[in-house]
Amino acid sequence: MAYTIDRFSAEVTAAIAATGRVPVALIETTTPKPNIPADLAFPAFKAAKELGVAAAQLAADLAAAIVPAKDSLIGVVSAAGPFLNFALQPQHLATAVITEIIALGPRYGHQQEGVGKTIVIDYSAPNIAKRMHVGHIRSTIIGQALVNIFRALGYSVVGDNHLGDWGKQFGVVLASIEREGKPQSSGETALEELEAMYARYANEMKDHSALDDRARHWSLALEHGDSEARALWQWAIDLSMDAAQRNYERLGVTIDHAYGESFYEPMLDGVIQEALASGAAYRDEGGAVVVEELDKNIPTFLLQRSDGGTLYMTRDLATIKFRMDAFNPARIVYVIGEPQSLHLRQLFALVRQMGYTGETELVHVSFGTVFDNKGKPLSTRGGNMVYLEALLDDAVQRALAVVEHKNPELPAAEKQAIAEAVGVGAVVYNDLYQDTRRNITLDWERMLATEGNSATYLQYSVARCRSILRRAADTGSAPGNDPQLFRVLEHPAEQQLLKQLARLPEAIREAGARYAPFVVADWCYTTARDFGVFFEQCPVLKAESVTLRDARLALVAATAQALINGLVLLGIRAPERM
RNA sequence: GACCUCGUAGCUCAGUGGAUUAGAGCGCUUCCCUGCGGAGGAAGAGGUCGCGCGUUCGAAUCGCGCCGAGGUCGCCA
């Protein structure tokens, strides 16, 4: 599928090549800054240097030599110093963009680059026996957005929820249950009790080695299939996943698999043996399996404890082997916090050394830590932890209050649904509107803002579009569908909006290439702003002519569609009205 | 000590080699409802792009060195 924006780019390259003045290899075009009145530019510096002429002269010669065909997307071609500028032909732009959005509907922006390739995305990964909190929301939300984006790019995406359901930490959970008894409550309350028990135990464990031994004992019992340990373990998993599932549903998160760390238990011996056999690891005097000097910047780490227990790293190693066998992916993407970047560098270095991954690309999409408004990291012990369910509930309550104020006449059920979409959307957007690598400060007011660069503003823009279309339908008019009609959309605000709509495919590609959902978020925001300007300057229902009205209605419909497509990728719903 | 991430307007962020005005939002100062949703739009004030040296015709952008913030570094995950 060649989108309008791609055809324009291809036509520009072809037009330059057709002059015979510049070798094709030297034709690189760039998107000019917004203040430049052009849509694509050819900076002539390199080519001019290569050809031994002045850049400005080359640009001027090319401008004179290029004559776009009548049906070309290329409009005005001009030289501005050393730059050769190409503008889109306004009428052809309008026709091409609107017809392709109408034709593709929900698939507008989707493409084929990933067809035939598989990507495994590892995300969310909540800890069993704990509530989900703001620390988990980032991986969950960013991961799901990446899943959506790569699917839109045509990849076969396998999402995997790598549950923290194993290891010594779980031994601590079991030991604390042994000591204090199993919580009798249910749901998040039971998880809250488990967390408190865990915290008490872990705290005392630091000074009492007997407690530490007991935790290790339970972790080994679990590994060895002890029935009591397994029964408690399964109970904790069911309890935790029920709670997690409620959060996932609200967030629009669906994860294909949830193998969890425990799934890899039977494979751990095998990978340890392979690591030893390959020479990547050795067993030291104490019995621990050590990997060292993979690279001068990779510190030594362990694959097995001296007591025979396995580690996070052991399970991650087995996980990669399993994923290669099961999915043969082109890439495996880990959506995990920045503090784990060393762990992943170590893991990646080891699997490459062992030859597990071949051509497969291993990627760490890291994200920053969440801090409270005083700049302190969120922690259960610090008493400033924010739990996901409570966060969502609070956001929805606030949204509901606004809906009640703005649109009191709506049915109660619809108001509730709107509040859910707006509240949850705000929380989601807070994690997606900026580069994920940054640390974020939990600023309640900023997060739940309904103005400016916010989810609410994007949803509001869609609602305004829908409102116009509803009113049009009420009076018997409808968006035009004759491509020739759209040629009348020559107003600067219309042209600006059309160009922005044309860029969605490009934005999705870039978001994928950079593992950066914020690129899509940014596109949505810019689109909403361009629509806002159009809305002020170009009356639709009261346009000067029926022709113009119907063409504008089509532009409004196309805007709503494209904006919704972008929001869907982010996991944000857009209510019909709000 | 080593390594990783980040440092752009009062605050939150885009901009990741190109065009004599570095862009948004919030906040601040003004303005726009006899037109489709004011959860909107327009205008203004506000910046030594952490600092220095270098590479280049050209650097917020690339390299090196400092400074500052956050993080990590064999038996947690």
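Chain letters run A, B, ... following the sequence lines, proteins first, then strands; residues in each count from 1.
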* To do: Check the pair A:R216 / A:D212 against salt bridge (Lys or Arg N to Asp or Glu O under 4.0 Å), numbers first and verdict last.
  => CA-CA 6 Å; A:R216 219 185 339 251; A:D212 190 81; 3.2 Å; yes

* Would you check if there is a donor-acceptor pair between the side chains of A:R315 and A:T310 at a distance under 3.5 Å? => yes

* Proximal nucleotide (of B:A77, B:A42, B:C4) relative to the A:N127 side chain -> B:A77

* To do: Examine A:K130 relative to A:Y198 and say whether NZ or CZ is less than 6.0 Å from the centre of the six-membered ring and inside a 45° cone about the ring axis.
  => yes

* To do: Enumerate, in order of first residue number, the stems that involve RNA chain B, defined as 3 or more consecutive Watson-Crick or G-U wobble pairs with both distances under 3.5 Å.
  => B:1-7 with B:67-73, B:10-13 with B:23-26, B:28-32 with B:40-44, B:50-54 with B:62-66

* Between B:U61 and B:G50, how far apart are the P atoms? Round to whole Å, please. => 8 Å

* Check against salt bridge (Lys or Arg N to Asp or Glu O under 4.0 Å), A:E544 and A:R549 -> CA-CA 7 Å; A:E544 305 83 281; A:R549 182 196 67 194; over 6 Å; no

* To do: Can you tell me the distance, in whole Å, between the CG atom of A:L347 and the P atom of B:A77?
  => 14 Å

* Could you measure between the two P atoms, the one in B:U12 and the one in B:G54, and give it in whole Å? => 33 Å

* Asked: When rounded to the nearest 0.5 angstrom, what is the spacing between OG1 in A:T30 and CD1 in A:I36?
  -> 10.0 Å

* Any luck finding a side-chain donor-acceptor pair between A:Y312 and A:Q340 under 3.5 Å? -> yes

* Asked: Looking only at side-chain N and O atoms, does A:R345 come under 4.0 Å of OP1 or OP2 in B:C3?
  -> no

* Asked: Cationic tip of A:R464 within the cone over A:F531's six-membered ring, i.e. under 6.0 Å and within 45° of the normal?
  -> no

* For B:C6, take OP1 and OP2 only and decide whether either is under 4.0 Å from a side-chain N or O of A:R437. => yes

* **Under-4.0 Å side-chain N/O to phosphate OP1/OP2 contact, A:Y429 with B:C13** => no

* To do: Please determine, for the side chain of A:L311, which listed nucleotide (B:A77, B:C57, B:C36) has the closest atom?
  => B:A77

* **Test item: side-chain donor near acceptor, A:T526 and A:Q500, under 3.5 Å** => no

* Side-chain N,O (A:K168) to OP1/OP2 (B:C76) below 4.0 Å -> yes

* Asked: Taking the same atom, C1', in B:U16 and in B:A60, what whole-Å distance lies between them?
  -> 9 Å

* Can you find a donor-acceptor pair, distance only, under 3.5 Å between A:R514 side chain and B:U16 base? -> yes

* To do: Could you give the distance separating B:C32 and B:A9 at their C1' atoms, to the nearest angstrom?
  => 26 Å

* In Å and rounded to the nearest 0.5 Å, what is the OH to CZ distance from A:Y515 to A:R437? -> 12.5 Å

* **Minimum-distance nucleotide (side-chain atoms of A:V533 versus B:G15, B:A42, B:A39)** => B:A42

* Asked: With respect to the phosphate group of B:G37, does any side-chain polar atom (N or O) of A:R470 fall under 4.0 Å of OP1 or OP2?
  -> no

* To do: Summarise protein proximity over nucleotides 17-25 of chain B in one line of letters, 5' to 3': B for base, S for sugar-phosphate only, - for none, counting protein heavy atoms closer than 4.0 Å.
  => -BB----SS

* To do: Sticking with atom C1', work out how far B:G15 lies from B:A19, rounded to a whole angstrom.
  => 15 Å

* **Separation between CE of A:M578 and OG1 of A:T450, rounded to the nearest 0.5 Å** => 8.0 Å

* Asked: Side chain of A:E338: nearest nucleotide among B:C13, B:G70, B:G38?
  -> B:G70

* To do: Examine B:C75: is either OP1 or OP2 under 4.0 Å from a nitrogen or oxygen in the side chain of A:R216? Give yes or no.
  => no

* Asked: B:A2, B:U72, B:U12: which one has an atom nearest the side-chain heavy atoms of A:N297?
  -> B:A2

* Asked: B:G37 phosphate, OP1 or OP2: any side-chain N/O from A:S467 under 4.0 angstrom?
  -> yes

* In whole Å, what separates the P atom of B:G47 from that of B:G38? -> 34 Å

* Asked: Taking the same atom, C1', in B:G63 and in B:G25, what whole-Å distance lies between them?
  -> 34 Å

